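Quick note on labels: first sequence line is chain A, next is B, and so on, each numbered from 1. This structure is a prediction, so every number in the text was calculated from the model and none was measured.
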Protein chains: 2
Amino acid sequence: MVRKQAGFGDRLIGATRRTGHPLCVGLDPHLDRIPPLFACGDMSPGDPATAGAVRAFLVAVCDRLEGRVAVVKPQLAFFERLGWQGMRALCEVVEHAQRRGLLVLLDAKRGDIGSTSVAYAEALLGPDAPFRGDAVTLSPWLGPDTIEPFANRANVTGGGLFVLVRTSNPGAGDFQDAELAAPPRAGVRTVCELVAASLEPLARSLEGAETGWSSLGIVVGADSPAQAERLRDLLPRSLFLVPGYGAQGGSADDAVRCFVAGPAGPEGGVVNSSRAVLFPGAGHTADAGQWERALDDAVTRACDDLGQALSRRAA
Amino acid sequence: MVRKQAGFGDRLIGATRRTGHPLCVGLDPHLDRIPPLFACGDMSPGDPATAGAVRAFLVAVCDRLEGRVAVVKPQLAFFERLGWQGMRALCEVVEHAQRRGLLVLLDAKRGDIGSTSVAYAEALLGPDAPFRGDAVTLSPWLGPDTIEPFANRANVTGGGLFVLVRTSNPGAGDFQDAELAAPPRAGVRTVCELVAASLEPLARSLEGAETGWSSLGIVVGADSPAQAERLRDLLPRSLFLVPGYGAQGGSADDAVRCFVAGPAGPEGGVVNSSRAVLFPGAGHTADAGQWERALDDAVTRACDDLGQALSRRAA
């Protein structure tokens, strides 16, 4: 396969420099929150019309986000919940988002071995893949060798990877923060730091020619700002995908703690917000104008909040 | 929801007692290995006919396996590789397998947080779920709290879980075997043992009324027999799903090292074989009779091999 486009690291940082903020909008279509404007019937997962309503809602969301944000992050669980009809809706939403100029990061958290890993990479990553993702989230639990097939695929398609290193759920620390008896090197104290250190050669091999940012990034929750700084030392050119901001409780200042100086201000990752942007209170309406204003206002609020945090970080 | 059937631990052990062996057949439809009897066109992933050929092949496989094996394990990556048409084929294969009396273990290796975990559980587990699995494989990396929504769902649907504790790929040990600086208790030395110990309360809560075997099992590769014995001590009533037997190189004796004495011989898990059963050399043919004999012979070989290992273990 001939490499079709610039590396994902370059593409994502290029896009966030243009939008001027690092907001990533999570597309998590909770059925009980879809605005009445888009809902069909009782929105039960078993009703084939439900996938259509989800698709219509997210297509409209992407229309509002065009030119305002760099990247959207569909959460695959909510599509899989709707069966194959949901996966078809996912394909359609991804294609539409890309037509609107948005990068699409598939939140799949996949992780498997050998030829199975290759199959997932071919399913999810690149313009020839059925699900056409620009990037994908991965679990590292099975070992660094299980990330390699995705890195190979990212290299030929200009795709990106975000490996789950330190997540933001209540039990995240139980295994990820466990301390090692025999750390392999300085700066590595815990299991998640061991994971980060093991990714360093692959991350280096995927550094972009234009910005120097790697197409192999990591996921680090906004609730662990001190950990984020240690992980930044281990992976200086990896983009961080930061969940846990907004509805999940992390502050904007904590969310951008991993950012470093760039040509147009601090940069080095994207900060995800799902519910606060996708389902603002005033957006639960059957009125199209009111819904559009509510979504636009929610995007503005998140961008302003993150922008102020970046100004404080730059100071 | 009213609980519809016995727990998965009871159902699986009941079925393997009836078949007399612990073979689980992995349904990994590698496109370049589908027998000419079932292939359509060039079997490229982008051709919509390919998903139909995969479905026809696996439906025929399940017809041969009826009454001979207890459980089949579709690998979701190979269906996702074919897009939403592949996921539709998966639904059809699962329904057909269950009509043939086979239990279906979805090899999904999912793992996510909070409401996302709930969505995956509702997508994959139970007769009301679109993908209707009897059981599912899960990654523990994000923490024990991310397993709970699946355990809750398993409890109400009579479903089963197999958590990835020690896998069989080359890099499996890099994180899973890392030694802990401060083990929380005796018998816990490494990260994978920490994971196993953390699952113990949930495993206990899902022990079956009939056999005492839990519906929360773990995955432990056939290449780590010594580790399997230590994990058996930590989870005495959890079923082990053992990959890495056969084509992946683990011996039958190593594969059943975690088995313990039961009423009808050693029991305590299932041993997976994918390629050796699904794609025997003599089965690569356009002749229906020859294909059927090749598949039947491959099943017999694996059952005999495992049966002899169990006899040696019982001795």
Q. With respect to chain B, which residue among A:Ala121, A:Ser115, A:Ala178, A:Ala129 yields the maximal number of heavy-atom pairs within a distance under 4.5 Å?
A. A:Ser115
**Q.** Heavy-atom pair of closest approach, residues A:Gly83 and B:Pro130
**A.** CA-CB, 3.5 Å
(Q) Taking every non-hydrogen pair under 4.5 Å, which of A:Gly171, A:Cys192, A:Gly143 racks up the most with chain B? (A) A:Gly171
Q) Once you round to the nearest 0.5 Å, how far does CG of B:Asp112 lie from CD of A:Gln75? A) 4.5 Å
Q: With a 4.5 angstrom heavy-atom cut-off, could you sort out which part of B:Val219 is near chain A: side chain, backbone, both or neither?
A: neither
Q) A:Leu76, A:Thr116, A:Ile113: which one forms the most heavy-atom pairs within less than 4.5 Å of chain B? A) A:Thr116
Q: Find the distance between CG (B:Asp145) and CG (A:Asn169) and round it off to the nearest 0.5 Å.
A: 4.5 Å
Q. Most heavy-atom pairs under 4.5 angstrom with chain B, which of A:Cys91, A:Ala182, A:Pro140?
A. A:Pro140
Q: Would you mind checking which part of A:Thr190 comes under 4.5 Å of any heavy atom in chain B, side chain (CB onward), backbone (N, CA, C, O), both or neither?
A: neither
Q: Answer with side chain, backbone, both or neither: which region of B:Arg110 has an atom nearer than 4.5 Å to a non-hydrogen atom of chain A?
A: side chain
Q.
So which residue, A:Leu124, A:Asp174, A:Leu194, A:Leu142, ends up with the most heavy-atom pairs under 4.5 Å with chain B?
A. A:Leu142
Q.
Report which part of A:Glu122 has an atom under 4.5 Å of a heavy atom belonging to chain B: side chain, backbone, both, or neither.
A. both
Q: Would you mind checking which part of A:Ala89 comes under 4.5 Å of any heavy atom in chain B, side chain (CB onward), backbone (N, CA, C, O), both or neither?
A: neither
**Q.** Contact winner vs chain B - A:Glu179, A:Met87, A:Lys109, heavy-atom pairs under 4.5 Å
**A.** A:Lys109
Q.
Is there a side chain to side chain contact (heavy atoms under 4.5 Å, CB included) between B:Thr167 and A:Trp141? Walk through the geometry before answering.
A. CA-CA 9 Å; B:Thr167 57; A:Trp141 174 238; 5.6 Å; no
Q. Taking it one step at a time, do A:Trp84 and B:Leu90 satisfy side chain to side chain contact (heavy atoms under 4.5 Å, CB included)?
A. CA-CA 9 Å; A:Trp84 62 265; B:Leu90 172 64; over 6 Å; no
Q) Does a side-chain heavy-atom distance below 4.5 Å link B:Val118 with A:Arg81? A) no
Q) What part of B:Tyr120 gets closer than 4.5 Å to chain A, counting heavy atoms only: side chain, backbone, both or neither? A) both
Q: Heavy-atom pairs under 4.5 Å with chain A are the metric here; pick the option from B:Ala172, B:Pro144, B:Gly46 that has the most.
A: B:Pro144
Q. So what's closer than 4.5 Å to chain A heavy atoms on B:Thr137: side chain, backbone, both or neither?
A. neither
Q: Please flag which part of A:Pro243 lies under 4.5 Å from any non-hydrogen atom of chain B: side chain, backbone, both or neither.
A: neither
Q. Chain A heavy atoms under 4.5 Å from B:Pro184: which part of the residue, side chain, backbone, both or neither?
A. neither
Q. Looking at B:Ala181, B:Gly114, B:Ala123, B:Pro183, which has the largest count of heavy-atom pairs under 4.5 Å with chain A?
A. B:Ala181
